[in-house]
Every structure is written in structure tokens, then in C-alpha cells.
Amino acid sequence: MHDIKTIRDDLAAFRADILRRKPDEAAADALISKLVALDDARKNAIQKAQAAQERRNAASKEIGAAMKAKDAGLAEKLKAEVAELKETMGALEAQEREAIAALETELAAIPNRPLPEVPFGADESDNPEVRRVGEPKKFGFKPKEHFEIGEALGLMDFEAASKISGARFTVLRGKLARLERALEAFMLDLHTDHHGYTEVAPPLLVRDQAMFGTAQLPKFRDDQFAALSLVEAEQHFAGGATGELDHFWLIPTAEVPLTNLAREQILDEKNLPLRMTAGTPCFRAEAGAAGRDTRGMIRQHQFAKVEMVSITTPEQAIDEHERMTACAEEVLKRLGLPYRVVLLCTGDMGFASQKTYDIEVWLPGQDRYREISSCSVCGDFQARRMGARYRPADAKNPRFVHTLNGSGVAVGRALVAVLENYQNEDGSVTVPEVLRPYMGGLDKIEKA
RNA sequence: GGAGAGGUGGCUGAGUGGUUGAAAGCACCGCACUCGAAAUGCGGCAUACGGGCAACCGUAUCGGGGGUUCGAAUCCCUCCCUCUCCGCCA
């Protein structure tokens, strides 16, 4: 959520940032004049309503004084004056509310402003590579894709999944199911034992306000799954009710519950940065992804992910972003997976982000790097939406916190990466050293 | 699902219609005392929005929304949330 004052303080800078996101001058100018008009209307409505309230309050006090002084005549006269005033007040207050809501609706739909160092670009082909770590292994045979490996092992079953749930689901069995669990446990242990994150087991079903806070709502409603009580839904319709059903949202990422832990809080500066991690299933409708990554488990309706969230002061945010990215990279380093880090350009960045690093893992079966983590710094964009603040040690007024989130890392895709990078010519998969303690000491997954 | 009790400032917690934005305590900040500290004393200490160069002024906020009233933290309606007991349940 943007602050209209900040925008109006420097309209030219705001316009430039909007254009960096989407280079459409006509749209940018239309947006700005709309915002200015809405804000002027808001101020105007507030002033009118407040002037009326001020007169009413003053008259009410006079009535109280007159009644104490037993001056019934004066009290009655004042009452008549207030009664007249009230006829217009209701409308003025309604106008004030509407004007504020109209501005907020508009502001809530504007993406965050990219930081100056974020390169301008249209899509992922414009993302500069920041660094490349690890050498892709040379195979003495043509490396297979993960689903070929998993299916050949008899431990990855898409047909069974589709019978139960349809497309974009996977059934893992035996050692592959355990490998997924091992990966998640390994990542959580790394972040809690070595990176200073506190493990959280959050709700997976959340309310509208939480989804608004992290900015999945209102704009990305169609990407989400919802859960509802059919009994309540039936009563809802039977009662002839209209509008939105009461329901939960399935979290598309643990970023939502973790970040919203700071909702409507005033944190103590000495507790910042607040670092939290969670391993959860994530649910996505993938509405706009028809036909993309249809084979295998790269793009699923349900997948496991270990998420990191940091709540910081504005001053800490940028360093924390580098630190968080390094924490995600450490997962891949310890797993021995080659990867590269790219800086997302303005056109490829998420709605709430000011700056994002994507970590892409090497997949020999696909012969390319694929996203396995995304680390974003959001500034106060989410904090404003959820009222998350902190009290600075040396100042009395609370300030909005800054929020960061990053995958540390996507467990499903990590499983894919392990299968492809550790595959052997005979179809078996070597278990990476760091995972063996989590696999009961097993060093190789073979066909059962 | 049934019955009941509640939601007040950073925290605890008073307050049932008229200078109550809100007692008191805790926490925090400043000053005094002290070599320093503790203890003690005095003072300060909510948030947002609008107006103003500023000092400051105004408006709103006692879970959210609506209503009654000249006037609501206090009365009514509604929604949300929390807790207790019973029922059901992993």
C-alpha cells in the first residue's frame, strides 16, 4: 500500500517508478491525475465533515453547561441548532468514508516501487545474472528429467495423483516421500540452528485481511484456492444472501501467515530483525499457467516450501536482504547443487517487492537453470497494509517495519534438483551427504 | 452445535450517558537526590487524519460496523474475536 503523501511529495519520482514497472506514459499520467483528484476529494470531504462535527461538539458542550445552569431556554435553542446541523452531517460523513475508500482502493492496486538499483526490463530475459556458484556436473550419459527418474524408480506417481486429485498433483512413495521430508527437515534445521531463524508452525488457512496484508488480495484473487464450509455456504444461498461467501484462503506461501504475525503490532526495536521460518505446503490455482510445465512436479497445485521471513527496521532491510539470500544459497551449497543468482528486472518483479533476487538451480535433465527460491525486500509496502510497526529506541513515534520474505528453498523443486543432479546411469539416485542422517543413513535410492 | 462471560492506551486494569483521550499500576523518557547505582520524589509519555512556516488548533479512535441521544467507552442492533462449561471430534 502506498502512502499518498509520499506520492504527492514527489509526483515526478512516483511517475518515473510507475513507468519503470510498466512503460506506458498515458496510463501513468491517467493514474496520477486520478490519484490527485481522489486525494483532493478526500481532503475536501474530511474538512467539510470535520467542520460540522466541530460545531456539533461545541454546541453539545454548551447544552450541557446550559442545563447545569438550569437555562432551559438556551438549551432548547441549541438543541434545535444541532438537530438542523445533523441533517447534513450524515451525508458529509458518508462522503468522507467513500472518498477515503475510493482512494485506498486505487492505492491498493498499485505495485511497489522498485529500488533505484533494480534494472529496467520487460521480462525474465532482462534479468542480469549476479553470480554463478558450482559447476554443472558432466554426465557420461544423457541425464534424465526428474519425472523419468522418479517414475522409473516406481516412487513418483502422477497417474495415481490424477485419479485422486486431477492434474498438477504428485504422489511420492517410499524413499522419495522420505527424501522430501528429509529435505524440509534439513532446511529447517539449517535456518534455525545456524541462521538465527525461529521455527513457526502457522495456520495454512487464513482470512481475507491476512491475504490483503501481504498483497495477494485484492489483485491476485484468481491465483488462490479457498476453503469453505458447505453447510454455511448452503445456508448463505438459502437465505438469499448475495456477495462473497465466508471462507478461508489456502496459503499460497508461508509468507502470508509469517509476515502477518506482525499485523497490528508495535514491536520493540531491540527485537528486530525478527527472523522466522516455516516449512509448509503451499497451494496455488496456477490459473494463468495453462500448458506450462505440465509434466513433472515443477508446477503443482500443492507443493512444500520452506519460507524465511524477516521483520526489520528500514535501516536494516537492505543488509537483511543480502543475508537472507545467502541463507537460501547455503541450502544449495550444502546440497551440492549448482545454481545462479539473478536480480529481477522491473518487469519481472512481484507486486509487493522493491527488489528481488531469484536463485535458479541447475537442472541437468532440462539442461537449464530453474527458479528454486525468490528473496524479496518489500520496504513498508506490506507493513502499511497490515499496520505492522515498531517503536524506535530513541524516538517516541512508531514507524512502519520493513518486511522481507524468501524461499529457503522450495522443497518440491529441491527434490527435482536432487534427482536430476544426483542421478546415476543405472537409474539410481545418490543421496547427498547432508541428507543421509535424515534418510536413516541411506546413501542411494534404488528401484525397489 | 448448546449455555454463559468478556474485548479499554506498549502491558495490567478502573470507569454504566455530559471538560474521560480516558483513573491507577507497570514499562519507558527527563529532572532531582547520589561518587555512581538502587530506592525515593517531581514531571513527561496513545494513534491516525485534516489545517498551519511554526507554536499550535481541529476531528476521529475504548474489537469492527450501524443505531438511539443535543451529547456514547458507557444504552440498543449486528459482525468479528477471546475465554469458561457441556456436546462432538483428529
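Every value quoted in this text rests on a predicted model; they were computed, and no experiment measured them. Below, chain A is the first sequence line, B the second, and so on; all start at residue 1.
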- Query: Does A:Asp3 come within less than 4.0 Å of A:Lys5, counting only side-chain N to carboxylate O?
  - Reply: no
- Message: In whole Å, measure the gap between the P atoms of B:U12 and B:G2 for me.
- Response: 30 Å
- Task: Could you work out the separation of B:G71 and B:G21 based on their P atoms and round it to a whole Å?
- Result: 16 Å
- Query: Picking from A:Thr280, A:Leu190, A:Val331, A:Thr277, what satisfies side-chain contact (heavy atoms from CB on, under 4.5 Å) with A:Val306?
  - Reply: A:Thr277
- Can you tell me how far P in B:U74 sits from the matching atom in B:G25, rounded to whole Å? 26 Å
- Given atom CD1 of A:Ile266 and atom P of B:C45, what is their separation to the nearest angstrom? 17 Å
- Note on the structure: Whichever of A:Ala49 and A:Ala83 has the more 5' nearest nucleotide on RNA chain B, that residue is A:Ala49
- Which value, in whole Å, describes the distance between the P atoms of nucleotides B:U47 and B:G9? 13 Å
- Message: Measuring only the C1' atom in each nucleotide, how far is B:C70 from B:G65? A whole number of Å is fine.
- Response: 23 Å
- Of all the choices, B:G18, B:U47, B:A60, which nucleotide is nearest to the side chain of A:Arg389 once you look at every atom? B:U47
- Message: Can you measure A:Glu269 atom CD to B:G10 atom P for me and round it to whole angstrom units?
- Response: 18 Å
- Item | Over 12 non-hydrogen atoms of neighbours within 6.0 angstrom of NZ in A:Lys22 | no
- Item | Value in whole Å for how far the C1' atom of B:A48 lies from CD of A:Glu104 | 11 Å
- Message: Between A:Asn57 and B:G58, is there a contact of a side-chain N or O with OP1 or OP2 at under 4.0 Å?
- Response: no
- Item | Separation between the C1' atoms of B:U59 and B:G6, rounded to whole Å | 30 Å
- Could you state the atom-to-atom distance from CZ of A:Arg399 to C1' of B:G10 in whole Å? 18 Å
- Note on the structure: Rounded to whole Å, the CE-P distance (A:Met1 to B:A48) equals 16 Å
- Task: Measure the distance from CD on A:Glu93 to C1' on B:A60 and round it to the nearest whole Å.
- Result: 10 Å
- Item | B:C86 and B:U78, which share atom name C1', separated by this distance in whole Å | 27 Å
- Query: Looking only at atom P, what distance separates B:A22 and B:A27, rounded to whole Å?
  - Reply: 23 Å
- Taking the nucleotide of RNA chain B with the closest heavy atom to each, which residue, A:Ile63 or A:Arg56, is nearer the 5' end? A:Arg56
Quick one: which protein N/O atoms are closer than 3.5 Å to N/O atoms of nucleotides 50-57 of chain B? Pair and distance per line, please.
| from | atom 1 | to | atom 2 | distance (Å) |
| --- | --- | --- | --- | --- |
| B:G50 | OP1 | A:Arg42 | NH1 | 3.4 |
| B:G50 | OP1 | A:Arg42 | NH2 | 2.7 |
| B:G50 | OP2 | A:Lys5 | NZ | 3.3 |

- Message: Please check if the number of heavy atoms outside A:Glu117 that lie under 6.0 Å from its CD is greater than 12.
- Response: yes
- Item | Interatomic distance where NZ belongs to A:Lys48 and P belongs to B:C49 [whole Å] | 22 Å
- Message: Going by the rule salt bridge (Lys or Arg N to Asp or Glu O under 4.0 Å), which residues pair with A:Arg275 if we only count those two or more places apart in sequence or in a different chain?
- Response: A:Glu320
- Can you find a pair of side-chain heavy atoms, one from A:Leu115 and one from A:Ile318, that are under 4.5 Å apart? yes
- A:Arg384 CZ to B:U47 C1': how many Å, rounded? 14 Å
- Can you spot which of A:Arg370, A:Arg168, A:Gln300 makes a side-chain hydrogen bond (donor to acceptor under 3.5 Å, both in side chains) with A:Asp293? A:Arg370
- Task: Applying salt bridge (Lys or Arg N to Asp or Glu O under 4.0 Å), run through A:Asp29 and A:Arg15 and close with a yes or a no.
- Result: CA-CA 8 Å; A:Asp29 289 333; A:Arg15 182 176 187 276; 2.6 Å; yes
- Task: State, without any angle test, whether A:Glu93 and A:Gln53 hold a side-chain donor-acceptor pair at a distance under 3.5 Å.
- Result: yes
- Between A:Lys77 and A:Glu62, is the closest basic N to carboxylate O distance under 4.0 Å? no
- Query: Reading RNA chain B 5' to 3', what string of ( ), [ ], | and . shows its pairs, if Watson-Crick and G-U wobble pairs count only when both distances fall under 3.5 Å?
  - Reply: ((((((((.[[[..)..(.....]]].(((((.......))))).((((((....)))))).[[[[[..)....]]]]])))))))....
- Salt-bridged, A:Asp40 to A:Arg8, with N to O below 4.0 Å? yes
- Message: Just N and O in the side chain of A:Arg55: are any of them under 4.0 Å from OP1 or OP2 of B:G71?
- Response: no
- Compare side-chain N and O positions of A:Arg97 against OP1 and OP2 of B:G66 and report whether any pair is under 4.0 Å apart. yes
